[in-house]
Number of protein chains: 2
Amino acid sequence: MSSNLTKKQKISLNTALSQNGLRSTKQRSSVYSVILAKTDHPTADDVLTRVRKNLPTISLATVYNCLETLVDCGLVRQVNFDRAPSRFCPNLRPHAHFKCKQSGDIFDIALDTKSIESLHAVLPEGFSAENFELSFVGNSL
Amino acid sequence: MSSNLTKKQKISLNTALSQNGLRSTKQRSSVYSVILAKTDHPTADDVLTRVRKNLPTISLATVYNCLETLVDCGLVRQVNFDRAPSRFCPNLRPHAHFKCKQSGDIFDIALDTKSIESLHAVLPEGFSAENFELSFVGNSL
DNA sequence: CTAGGTGCAAAAGGTTTGCGGTTAA
DNA sequence: TTAACCGCAAACCTTTTGCACCTAG
């Protein structure tokens, strides 16, 4: 097996791809499956290593291209901390990120509707935001 | 004149530098003065262009080094949107950023104490943040 | 005088692109 | 069949670094 997607995941991938006029390939499935399998916010390079267990000949360029495709299709989110390598995340609900200074780990922080509203409330008249990014750096126990 | 710092600004620069065991140079003054002069969040390359009006021989590497020094001294903040070139900002008070999709302009969004508290309130038990970044993308009128 | 800073050029590091061959539909 | 995709390598772009010269203190 070149990927471990559930039937549902396979369907949502293929739907999203075909809605965008894109093909379903084993590279895209494998990359998607790796992103879903472990939500530890891997970099492209991490994804390469993991995908190669199933698809030993995949290239880094293809990983980047697949990730971009998945992000464009709205299946995956790209997370940036400063200028560090981009990380990728299958959590599509609005959430913040917390980076632990000690371990370097990145955690998702759930945001309820009320929090999201109060976030947008900081914007003065005349500003309307389509997206936001909220990230913290600190220590976790 | 190689820079247009006010007396106060000159003092705070020199104080910060000497507190960190660093020298006052005309390159550092000029870069600092450019950052203070126009708070439009210039990139390192923008800063290079502007500083060269006063200091035609300054190199891009020196601009990067000076900016890093100023950031380390706490006089300037580095602002990143995704993986776009870093931008620099003299606003030291806690604030968010808003990037206008149409113009590409970046605006500072002031944050009052209450907003900052409610931001931190999204963190679950066990997480304590030293820093946060909040940025919006959308349209402004 | 001398440690630290500058300018230059080269390297680094992440990401993107061009191209010839491969594959999904 | 054929447009889209892949793998490879080279290019790209921002940022950092090494080194010889210069300068603030």
Side-chain angles (χ1 to χ4, degrees), chain A residues 2-3 5 10-11 13-32 34 41-49 51-52 54-73 76 78-88 104, chain B residues 2-3 5 10-11 13-32 34 41-49 51-52 54-73 75-76 78-88:
Chain A
S2 66
S3 73
L5 296 173
K10 231 172 254 176
I11 290 173
L13 172 61
N14 290 338
T15 304
L17 288 173
S18 67
Q19 279 177 353
N20 290 71
L22 301 170
R23 286 187 193 161
S24 176
T25 67
K26 55 181 187 255
Q27 289 83 353
R28 286 171 178 167
S29 301
S30 254
V31 168
Y32 189 39
V34 158
H41 304 85
T43 64
D45 217 66
D46 296 332
V47 174
L48 178 68
T49 304
V51 172
R52 281 198 163 161
N54 285 325
L55 232 57
T57 62
I58 196 173
S59 69
L60 181 57
T62 296
V63 168
Y64 271 107
N65 289 332
C66 291
L67 287 168
E68 186 184 10
T69 298
L70 295 171
V71 169
D72 290 349
C73 289
V76 166
Q78 186 165 358
V79 179
N80 296 295
F81 268 84
D82 301 326
R83 295 194 58 79
S86 289
R87 294 166 172 277
F88 298 87
Chain B
S2 66
S3 76
L5 296 174
K10 228 171 258 176
I11 290 174
L13 172 60
N14 290 337
T15 304
L17 288 173
S18 68
Q19 278 177 353
N20 289 71
L22 301 169
R23 287 185 192 164
S24 175
T25 68
K26 55 182 188 254
Q27 289 84 353
R28 286 171 178 168
S29 300
S30 255
V31 168
Y32 188 40
V34 158
H41 304 84
T43 63
D45 217 65
D46 296 333
V47 173
L48 178 68
T49 304
V51 172
R52 280 196 163 162
N54 285 326
L55 233 56
T57 62
I58 195 173
S59 69
L60 181 58
T62 296
V63 169
Y64 272 106
N65 289 333
C66 290
L67 287 168
E68 185 183 11
T69 298
L70 295 171
V71 169
D72 290 348
C73 288
L75 296 167
V76 166
Q78 186 165 358
V79 179
N80 296 296
F81 269 83
D82 302 326
R83 295 195 56 79
S86 290
R87 294 166 172 277
F88 298 87

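Lettering follows sequence order; numbering is per chain, from 1. Both backbone and side-chain heavy atoms feed into the values below; hydrogens, waters and symmetry mates do not.
To the nearest angstrom, C1' of C:dT6 lies 11 Å from CZ of B:Arg23. Nucleotide C:dA9 holds its P atom 16 Å from the CD1 atom of B:Ile58, rounded to whole Å. Atom C1' of nucleotide C:dT16 and atom CG of A:Asp72 are separated by 14 Å, given to the nearest angstrom. C:dG14 atom P lies 13 Å from atom CG of A:Asn80, rounded to whole Å. We find that CG of A:Asp82 is positioned 16 Å from C1' of C:dG13, with the value rounded to whole Å.
Side chain to side chain, B:Asp46 and B:Thr43 meet the donor-acceptor criterion of an N or O pair below 3.5 Å. Residues A:Asp72 and A:Thr69 have side chains that never bring a donor and an acceptor to within less than 3.5 angstrom of each other.
Taking every heavy atom of residues 59-69 of chain B and every atom of DNA chain D, pairs under 4.0 Å involve B:Leu60, B:Ala61, B:Tyr64, B:Asn65, by number.
Side-chain nitrogen and oxygen atoms of B:Arg28 include at least one within less than 4.0 Å of the OP1 or OP2 phosphate oxygen of C:dG5. Between C:dT6 and B:Thr25, a contact under 4.0 Å exists linking OP1 or OP2 to a side-chain N or O.
In summary, of the residues considered (A:Leu13, A:Asn14, A:Thr15), a side chain to side chain contact (heavy atoms under 4.5 Å, CB included) with A:Ile11 occurs for A:Thr15 alone.
The closest donor-acceptor contact from the side chain of B:Arg83 to the backbone of A:Ala84 lies under 3.5 Å.
Checking B:Leu22 against A:Ser24, the closest nucleotide of DNA chain C that is more toward the 5' end is the one next to B:Leu22.
A:Thr43 comes within 4.0 angstrom of nothing in the nucleic acid, heavy atoms only.
When the local axes at the two ends of the helix from C:dC1-D:dG25 to C:dA25-D:dT1 are compared, using 5 base pairs at each end, they differ in direction by 40° after rounding to 10°.
Nearest heavy-atom pair across A:Gln27 and A:Leu55 is CA-CD2, 3.7 Å.
Along DNA chain D, the stretch of nucleotides lying under 4.0 Å from any heavy atom of chain B spans, 5' to 3', D:dT14 to D:dG25.
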Take A:Phe88 and A:His41 through the test side-chain contact (heavy atoms from CB on, under 4.5 Å) and record every step on the way to the result. CA-CA 5 Å; A:Phe88 298 87; A:His41 304 85; over 6 Å; no
